[in-house]
Amino acid sequence: MPRMEDILSLPVQDPPCAEFSAAHIKWVKVEGGRQGGDDIALIPFARVDDFVKGESSNAECPASFRIESRRKRSEGSISKPRVDGYLEYTLYWCSYGPEDYRDSESTMGDGSHTKPATGKGSRPGRRHMMRGCLCHFTVKRLYTRPFLALIIYNQRKHVDKTGAPCHGILDVDAAGTRAMYAPRISEELRQKVMSLLYIGISLDNIIQHHAEVVQGHGGPLNRDDLLTRNDVRNMERIARNSSYKLHADDEFSVKMWVQRHQKHVFFFQDMSSTEPFILGIQTDWQLQQMIRYGHSGSVASHSTFGLKKLKYPLCTLLVFDSSQNAIPVAWIVASSFVTQDIHKWIGSLAERIRSKDPRWRPNAFLVDDPSFDISFIREAFQCRFLLCAWHVRRAWMRSLLKKCCNIDVQREMFKHLGWILYSTRSGPNADNAVEEFMQVYVDQCIFMDYFKRRWLPYIELWINSIRSLPVASTEPLAAIESYHLRLKSKLFDQQYANSYTRIDWLIHTLTTEFHSLYWLDQYSAETGYFTNVRDKAFLTNAWYQALHIPDVDVILDEQNLQLVKVISQTDRSLAYTIWNPGSEFALCDCPWSRQGNLCKHVIKVAILCKNRQVARPLLASQVYRQALLTLLQNPPDDPLVLEHAILRVSRLQQDIKGLEDLSNNGLLQPSPPEMNSQVGDSLLLFPHLH
């Protein structure tokens, strides 16, 4: 047996499953010292909660481990720490012990009951649960290795002082009682009930629904199946009495929320004279969705929301489910632009995810702001990058509809703005295209004032980013815009107008009501329950709706592609007109599009044009083609430079293969067929690659 001073030579065990128990770990008995004879093991500190959950799911003895005692030390407080010295010390004890009240009911009235040895008194509300269980373990966050946790299992069996099982299926006396099951409902069921309550489902409907679920799998199998009206009533009281204003001062209120919800905070930095305020939030459910849909999928940023109305802007990270709907999996609230301080929190988020699944890796990260420093994202997520220009298109379109009254001028200006953004008419010099645009439409002074003030300082940054990064297709953009509209409708309800300047209100609304909407979407889609409660306005996005428009309802003249008509799906006597069809800057005259949104008709026409190969190449494809042609026209003369160019092209081929995989999943706009000959010509310049 090793001695305690040898513990750092033990292997660090990190089971690949999401939750794990003592059965998944190889234990070592320690010799001598205070822990002589105890089982010990090393695991990553980030996975302590996974171990506690796994131990609570013991099939023979379902339990719930509570924190019996906890101590903390600050770094630097010990000059010569012991090898097992701790930064944090936590004692976990089975909730069925250590006191034993099984035989005390008959003697409660004679005054013979004495105070338990642990000093915890009679533990109000727990008397009926106490069965003398001695199962407990200690977790030490090591002082010299803060990323490691030493688990010391003092008593692994769920037995009383006589050594006999005291709860679970092995306890004969527990048969037919609640002592067969865990003493409390699981966090998953608590999340479910709280979400239903926040959405507005009544107590009676929750109980009825739960009874149907239990009956569906043949009766009670665990503590969750024994959910009572009193359980739901207690949670209903919590939901009803919860308030965002934990303190009159917003700053103190936020700190109190962070302190109470540590497990939902992956990064927190309080504001100081030199540092901005940053708060990163991710619930357990959001973490599960990020692991589920983000692995081998894509993650997208929805940044700087509420810049004008909220105290601090909100950034959301999104993943896409099997129906290509966006799911918020993390929220970042920062007093500065989130792009400026991404290096501070992106690593913490990646570490949190990979502590649950070390193999997790997305295929692509979609950025909606060219000022993002993608080097930090690349280091954290190790994936490719796509650029989303959805909010640029949306902002220009909404401004044109508001500031320009002539629909013919609107569509021509919109098309011209697309040429500017993608540099398809200006070549390397975008300034000339911008100057030409401002001269041609000089009479549209209201829009021009807006364009000069809001976009002119950043237009070169956007153009350069589009030249250097592949552009995301319409499919994820439709999902991101749908999320944007839902977030806007929830947060910017006029009844909350007086709360916009408080961060605690934003945090509370996101993590309760708004979070519950997306939980319900997933639960309803997977089980079929509560379909009538879901918000029908956001059941599907424009991309999904476009897939259900029959091809025969698209009136397309291949000899005249200036416009296309699509028959309305609700009124067959109507047909909507799409100008500049197949382009990212197409414009439709349907009511939804006239509000500045990306509509299903524009998307349907783009899909059809691509499939039939009848429209002009997408603007993004034209940018790619121009880059290849420029390379062909200017091959390097220096042999050393040529050698490096060959290496770069080889890597480019690998990247293109990866991008093709993304394209097959609907995340990239594919290059048109006429590009094939150009690509073939470019490869002829580098025979070493064949």
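All heavy atoms count here, side chains included; hydrogens, waters and symmetry mates do not. The chain is numbered in sequence order, starting from 1.
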For Cys94 and Ala63, which heavy atoms make the closest approach, and how far apart are they? SG-CB, 3.9 Å

With a 4.5 Å heavy-atom cut-off, do Glu19 and Lys356 have their side chains touching? no

Salt bridge Arg292-Glu526, side-chain N to carboxylate O under 4.0 Å: yes

Can you tell me which residue pairs pass the ring-ring contact (aromatic ring centres under 6.0 Å, His included) test with a partner in residues 186-209, sequence neighbours excluded? His209-Tyr523, His209-Tyr529, His209-Phe530

Indicate yes or no for a side-chain donor-acceptor contact from Asp249 to the backbone of Phe252 under 3.5 Å, with no hydrogens or angles considered. yes

Expected output: side-chain Arg47 to main-chain Ala18 donor-acceptor under 3.5 Å: yes

Are His302 and Tyr483 an aromatic pair by the rule of ring centers under 6.0 Å? yes

Kindly assign one of parallel, tilted or perpendicular to the pair His167 and His158, based on the angle between their ring planes and the thresholds 30° and 60°. perpendicular

Verdict with supporting geometry, Ser298 and Phe320, side chain to side chain contact (heavy atoms under 4.5 Å, CB included): CA-CA 7 Å; Ser298 58; Phe320 305 93; 3.3 Å; yes

Do Leu349 and Leu317 make a side-chain contact, defined as non-hydrogen atoms from C-beta onward lying under 4.5 Å apart? yes

Shortest non-hydrogen contact from Asn363 to Cys383? O-CB, 3.8 Å

Going by an N to O cut-off under 4.0 Å, is there a salt bridge joining Asp224 and Arg184? no

With a 4.0 Å cut-off on N to O distance, would you call Glu251 and Lys255 a salt bridge? yes

As a quick check of understanding, evaluate salt bridge (charged side-chain N to carboxylate O under 4.0 Å, His left out) for Asp341 and Lys344, giving each step before the final call. CA-CA 6 Å; Asp341 298 295; Lys344 295 184 177 180; 3.7 Å; yes

Once rounded to the nearest 0.5 Å, what's the spacing between atom CG of Asp171 and atom SG of Cys61? 8.5 Å

If only atom types and distance count, is the side chain of Ser95 paired as donor or acceptor with the main-chain N or O of Ser64 below 3.5 Å? yes

For the NZ atom on Lys157, are there more than 12 heavy atoms of other groups (residues, nucleotides or ligands in this structure) within a distance under 6.0 Å? no

Evaluate Phe514 against Trp519 for side chain to side chain contact (heavy atoms under 4.5 Å, CB included), listing each step before the verdict. CA-CA 9 Å; Phe514 193 67; Trp519 177 90; over 6 Å; no

Please determine if Arg73 forms a cation-pi arrangement with Tyr86, meaning its NZ or CZ atom is less than 6.0 Å from the six-membered ring centre and no more than 45° off the ring axis. yes

Quick one: closest heavy-atom pair of His264 and Asp284, and the distance? CD2-N, 4.1 Å

Under a 4.5 Å cut-off applied to non-hydrogen side-chain atoms, are Pro358 and Asp14 in contact? yes

Just by modelled atom types, is the Arg361 backbone N or O under 3.5 Å from a matching donor or acceptor in the His295 side chain? yes

Indicate yes or no for a side-chain donor-acceptor contact from Arg354 to the backbone of Trp360 under 3.5 Å, with no hydrogens or angles considered. yes

Please find out if less than 6.0 Å separates the ring center of Phe277 from that of Tyr312. yes

I'd like to know if Arg229 and Glu236 make a salt bridge, using a cut-off of under 4.0 Å between side-chain N and carboxylate O. no

Working to the nearest 0.5 angstrom, can you tell me the gap between Gln289 CD and Leu318 CG? 12.5 Å

Check whether any side-chain heavy atom of Ile278 lies under 4.5 Å from a side-chain heavy atom of Phe268, and answer yes or no. no

NZ/NE/NH1/NH2 to OD/OE distance under 4.0 Å, Arg131 and Asp100: no

Within the side chain of Ser323, is there an N or O that forms a donor-acceptor pair under 3.5 Å with the backbone of Asn325? no

Point-to-point distance, once rounded to the nearest 0.5 Å, from CG of Leu491 to CZ of Arg486: 12.0 Å

Taking the side chain as every heavy atom from C-beta outward, state whether Leu8 and Val83 have any atom pair closer than 4.5 Å. yes

Rounded distance [0.5 Å steps], CG in Asp521 versus OG in Ser516: 11.0 Å

Does Glu55 reach the main-chain N or O of Ala22 with its side chain, forming a donor-acceptor pair under 3.5 Å? yes

Counting N and O atoms only, with roles assigned by atom type, does the side chain of Asp231 sit under 3.5 Å from a partner on the main chain of Leu227, one being a donor and the other an acceptor? no

Do the non-hydrogen side-chain atoms of Ile151 and Thr138 ever get within less than 4.5 Å of each other? no

Enclosure of Gln382 CD (heavy-atom neighbours >12, cutoff 6.0 Å): yes

Considering residues at least two apart in sequence or located in another chain, which fulfil the side-chain hydrogen bond (donor to acceptor under 3.5 Å, both in side chains) criterion with Asp49? none

Specify the closest pair of heavy atoms between Gly76 and Tyr143, including all atoms of both residues, with the distance to one decimal. N-OH, 2.7 Å

Where is the tightest heavy-atom contact between Leu197 and Ala239, given as atom of each residue plus distance? CB-CB, 4.4 Å

Compare all side-chain heavy atoms of Leu487 with those of Phe305 and state whether any distance is below 4.5 angstrom. yes

Taking the side chain as every heavy atom from C-beta outward, state whether Leu287 and Thr283 have any pair of such atoms under 4.5 Å apart. no

Is it the case that the side chain of Asp225 and the backbone of Leu221 share a donor-acceptor pair, with hydrogens and angles ignored and the cut-off at 3.5 Å? yes

For a side chain to side chain donor-acceptor pair (under 3.5 Å) check, start with the C-alpha distance between Glu351 and Ser355, then their side-chain angles and the critical distance, and finish with the verdict. CA-CA 6 Å; Glu351 181 182 337; Ser355 69; over 6 Å; no

Report, as yes or no, whether the 6.0 Å neighbourhood of atom CZ on Arg240 holds more than 12 heavy atoms from other residues, nucleotides or ligands. yes

Would the Trp285 and His515 ring centres measure less than 6.0 Å apart? yes

Determine, for Phe365 and Arg378, whether the Lys NZ or Arg CZ falls below 6.0 Å from the six-membered ring centre while staying within 45 degrees of the axis. no

Arg141 to Phe45 six-membered ring, cation-pi geometry met (6.0 Å, 45°): yes

Enter the distance from Gln259:CD to Leu246:CG here, rounded to the nearest 0.5 Å. 12.0 Å

Is the distance between the ring centroids of Tyr496 and Trp505 under 6.0 Å? yes

Between the side chains of Ser253 and Asp250, is a donor N or O closer than 3.5 angstrom to an acceptor N or O? no

Just verifying a value: how many Å separate Ile199 CD1 and Leu520 CG, rounded to the nearest 0.5 Å? 4.0 Å

If the threshold is 4.0 Å, N to carboxylate O, is there a salt bridge linking Glu88 and Lys140? no

Mind checking whether Phe137 and Tyr153 have ring centres under 6.0 Å apart? yes

Give a yes or no on whether the backbone of Pro62 and the side-chain of Asn58 come within a donor-acceptor separation of less than 3.5 Å. no

May I ask you to decide whether Arg66 forms a salt bridge with Glu68, counting only side-chain N to carboxylate O separations under 4.0 Å? yes

Kindly determine whether Glu187 and Lys192 satisfy salt bridge (charged side-chain N to carboxylate O under 4.0 Å, His left out), including the steps that lead there. CA-CA 9 Å; Glu187 284 300 315; Lys192 173 181 176 179; over 6 Å; no

Ion pair Arg156/Asp39, N-O distance below 4.0 Å: yes

